Asker: 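Sharing a structure with you now.
As the structure lists them, so they are numbered: ligands from 1, and atoms in each ligand from 1. Predicted model only: the values in this text are computed from it and were never measured.
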Amino acid sequence: MAMFDVDTVRKDFPFIDNGRIYLDSSASSLTPEPVLKKMLEYYHGFRANVGRGVYTATRRATDEFESARKRIASLINAKPEEMIFVRNTSEALNLVAFGIGLKPGDRVIATVQEHHSNYIVWLRAKEKIGVDMRVINSDPEGNLDLCQLDRELERGARIVAVTHVSNVLGTKNPVEEIAKMAHERGALVVLDGAQSVPHMKVDVKRMGCDFLAFSGHKMCGPTGAGALFIRADLQDDVEPLCIGGGSIDDVGIGYYKLKKGPSRYEAGTPAIAEVIGMGEAAAYLQRIGMESISEYEERLTKSLLEGIRGINGVELHGPMDPKKKIGIASFNLGFMNPHDVALALDRSANVMVRSGHHCALPLMRDVLKCEQGSVRASVYFYNTEEEIETFINALTALTASSR
Ligand SMILES: Cc1ncc(COP(=O)(O)O)c(C=O)c1O
């Protein structure tokens, strides 16, 4: 497989031009120049609303907006009419949890690995609707307890909500197997793809999921645009979170009729430039190639894990096999507070890492037993082996000085 040239790619990211080492792409990725250029092209050349009006600029804006839908659909092997634009993964998951028509006593199965965005929406459904929520355990390596899932499914469930990749451990979950198990018992599968779509080839048809949520800002797009895949034949059963202009077929004095397809869910003026930017980001990733991205990141992950593991006094969480995970390394350094570690790395070596509980408190506290959270370094295809080395050296120096 042809590998891309990282030095060429890095020219698209001026943020890392000046020695900054950005190892926080799991929180939000950087945005390359072609994406910014595309958004500016909209503001300079065809700045008008979409789906309304007949003049040239508004028709061009609508065409570009719909072309973004096609590009994003193609990234995950969905049909354009199955892609709904939202602000981010959190909004997408709220839409599913409150649109699917859950009733008192319906059973929802989530996992302890979930980001709060795919956890508290179900807890809220429990609180407000009386849904029976079950939580599947995980070991500290990130292996979900599939026997427990099987037992829970045996009792019947409407929804299985699971993250494709853990944002703390980086573990890739066996989503194809989970979807098969769920479908055999008549449950629908809601996948959180926030950490998978940016880093690996994701195919909704092959995985067999019914819903997939992801964010533009983690996949080289701008903030403010995200997407939700809803399987075409389920759309009549899912209510929009918000209705209004653009989402109706007809309105009379005493009635309204919602449209079919994505616009049913996209009331009001959307984040036009951001969606167009997200579409450009999808095309950018596809030009590099998702397989090339995964392969390159696997190499960086290997160096990252080996480097951290070699430092005395550092506790590294999650699987050590880079094939089982994406480029995330969560760790703790003795009794040092994770925020102090992140601050020290920033000051001493210009290295940016995330610290805290990563919006995954159940996993952090109940499974990893990390009351104060952890430090998380995460890589993307624009990082280099040299940057990993600088990071490892800075961490080694910090460990030595903290003894
Ligand atoms: C696994 C996972 N799910 C959901 C989210 C929430 O994404 P957003 O903040 O874009 O809604 C994140 C963000 O870190 C995440 O890592």
Side-chain angles (χ1 to χ4, degrees), residues 22-31 72 76 84-98 110-124 135-136 138 142 144 160-173 175 178 189-200 202 207 209 211-229 241 270-271 274-275 277-278 281-282 297 317-318 325-330 338 342 352-364 367-368 373-380:
Y22 190 69
L23 297 181
D24 195 21
S25 294
S26 284
S28 206
S29 74
L30 303 177
T31 310
I72 295 162
I76 60 161
I84 283 98
F85 289 125
V86 288
R87 280 183 308 145
N88 48 40
T89 305
S90 305
E91 185 174 304
L93 294 166
N94 273 271
L95 195 163
V96 183
F98 289 96
T111 88
V112 73
Q113 272 184 25
E114 301 313 306
H115 184 284
H116 296 161
S117 293
N118 199 24
Y119 199 82
I120 62 172
V121 286
W122 309 111
L123 278 178
R124 193 181 189 196
V135 181
I136 301 302
S138 162
L144 292 172
V160 175
V162 62
T163 190
H164 192 175
V165 167
S166 159
N167 69 315
V168 175
L169 304 170
T171 320
K172 296 177 194 163
N173 284 320
V175 288
I178 291 173
V189 177
V190 180
L191 271 194
D192 176 346
Q195 296 295 344
S196 59
V197 174
H199 299 279
M200 55 204 258
V202 169
M207 294 188 303
C209 63
F211 303 89
L212 176 76
F214 54 104
S215 298
H217 71 93
K218 292 186 197 281
M219 48 168 272
C220 291
T223 55
L228 172 66
F229 157 81
L241 207 51
E274 288 76 7
V275 164
M278 185 177 174
E297 286 181 22
H317 309 289
K325 65 190 293 180
I326 65 156
I328 285 180
S330 270
M352 286 160 262
V353 292
R354 172 85 188 269
S355 48
H357 51 64
H358 318 302
C359 299
L361 275 168
L363 176 70
M364 203 45 97
V367 180
L368 300 179
S374 71
V375 185
R376 181 185 70 184
S378 55
V379 298
Y380 210 0

Asker: I need the minimum non-hydrogen distance between His217 and Ser28, along with the two atoms involved.
Answerer: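 Scanning both residues completely, I find the closest heavy atoms to be ND1-OG, 2.8 Å.
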
Asker: Any donor and acceptor pair, going by atom type alone, linking the side chain of Ser117 with main-chain N or O of Ser90 inside 3.5 Å?
Answerer: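 Checking the backbone N and O of Ser90 against the side chain of Ser117, no donor-acceptor pair under 3.5 Å is found.
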
Asker: Looking at ligand 1, does Ser117 have a heavy atom less than 4.0 Å from it?
Answerer: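 Contact present.
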
Asker: Return the residue, atom name and 0.1 Å-rounded distance of the protein heavy atom closest to atom 11 (O) of ligand 1.
Answerer: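 Nearest neighbour among protein heavy atoms for atom 11 (O) of ligand 1, to 0.1 Å: Ser90 OG, 2.6 Å.
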
Asker: For a side-chain hydrogen bond (donor to acceptor under 3.5 Å, both in side chains) check, start with the C-alpha distance between Ser25 and Ser378, then their side-chain angles and the critical distance, and finish with the verdict.
Answerer: CA-CA 6 Å; Ser25 294; Ser378 55; 5.4 Å; no

Asker: Would you please determine whether Asn118 falls within less than 4.0 Å of ligand 1 on a heavy-atom basis?
Answerer: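 So Asn118 does not count as touching ligand 1.
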
Asker: To the nearest 0.1 Å, how far is atom 7 (O) of ligand 1 from its closest protein heavy atom, and which atom is that?
Answerer: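 Of every protein heavy atom, Thr89 CB, 3.6 Å lies nearest to atom 7 (O) of ligand 1.
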
Asker: Heavy atoms only: which of Ile328, Leu93, Asn94, Asp192 lies closest to atom 1 (C) of ligand 1?
Answerer: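 It is Asp192 that holds the nearest heavy atom.
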
Asker: I'd like to check which ligand 1 atoms, numbered from 1 as shown, lie under 4.0 Å from a non-hydrogen atom of Ser215.
Answerer: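 Answer, ordered by atom number: 7 (O), 8 (P), 10 (O).
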
Asker: Under 3.5 Å, is there a donor on one side chain and an acceptor on the other for His115 and Thr163?
Answerer: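 Side-chain D/A pair, His115 to Thr163: absent.
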
Asker: Kindly identify the option in Arg87, His358, His115, His116 whose heavy atom sits closest to atom 5 (C) of ligand 1.
Answerer: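 Nearest option to atom 5 (C) of ligand 1, by heavy atoms: His115.
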
Asker: Mind checking whether Leu363 and Ser166 have side chains closer than 4.5 Å, heavy atoms only?
Answerer: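 They are in side-chain contact.
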
Asker: Within less than 4.0 angstrom of ligand 1, does Lys218 place any heavy atom?
Answerer: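 So Lys218 counts as touching ligand 1.
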
Asker: When rounded to the nearest 0.5 angstrom, what distance separates NE2 in His164 from CG in Asn118?
Answerer: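 The NE2 atom of His164 sits 13.5 Å away from the CG atom of Asn118.
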
Asker: Run Val168 and Met364 through side-chain contact (heavy atoms from CB on, under 4.5 Å) and show every step you take.
Answerer: CA-CA 8 Å; Val168 175; Met364 203 45 97; 3.8 Å; yes

Asker: Within the 4.0 Å heavy-atom shell around Gln195, which atoms of ligand 1 are there?
Answerer: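 Going through ligand 1 atom by atom, the ones under 4.0 Å from Gln195 are 1 (C), 15 (C), 16 (O).
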
Asker: Give me the one residue out of Thr171, Asn167, Val165 that meets side chain to side chain contact (heavy atoms under 4.5 Å, CB included) with Leu169.
Answerer: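 Considering Thr171, Asn167, Val165, a side chain to side chain contact (heavy atoms under 4.5 Å, CB included) with Leu169 is found only for Thr171.
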
Asker: If you measure from each non-hydrogen atom of Asn167 to ligand 1, which part falls under 4.0 Å: side chain, backbone, both or neither?
Answerer: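 Answer for Asn167: side chain.
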
Asker: Tell me whether His217 reaches ligand 1 (any heavy atom closer than 4.0 angstrom to a ligand atom).
Answerer: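 Within the 4.0 Å threshold, so yes.
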
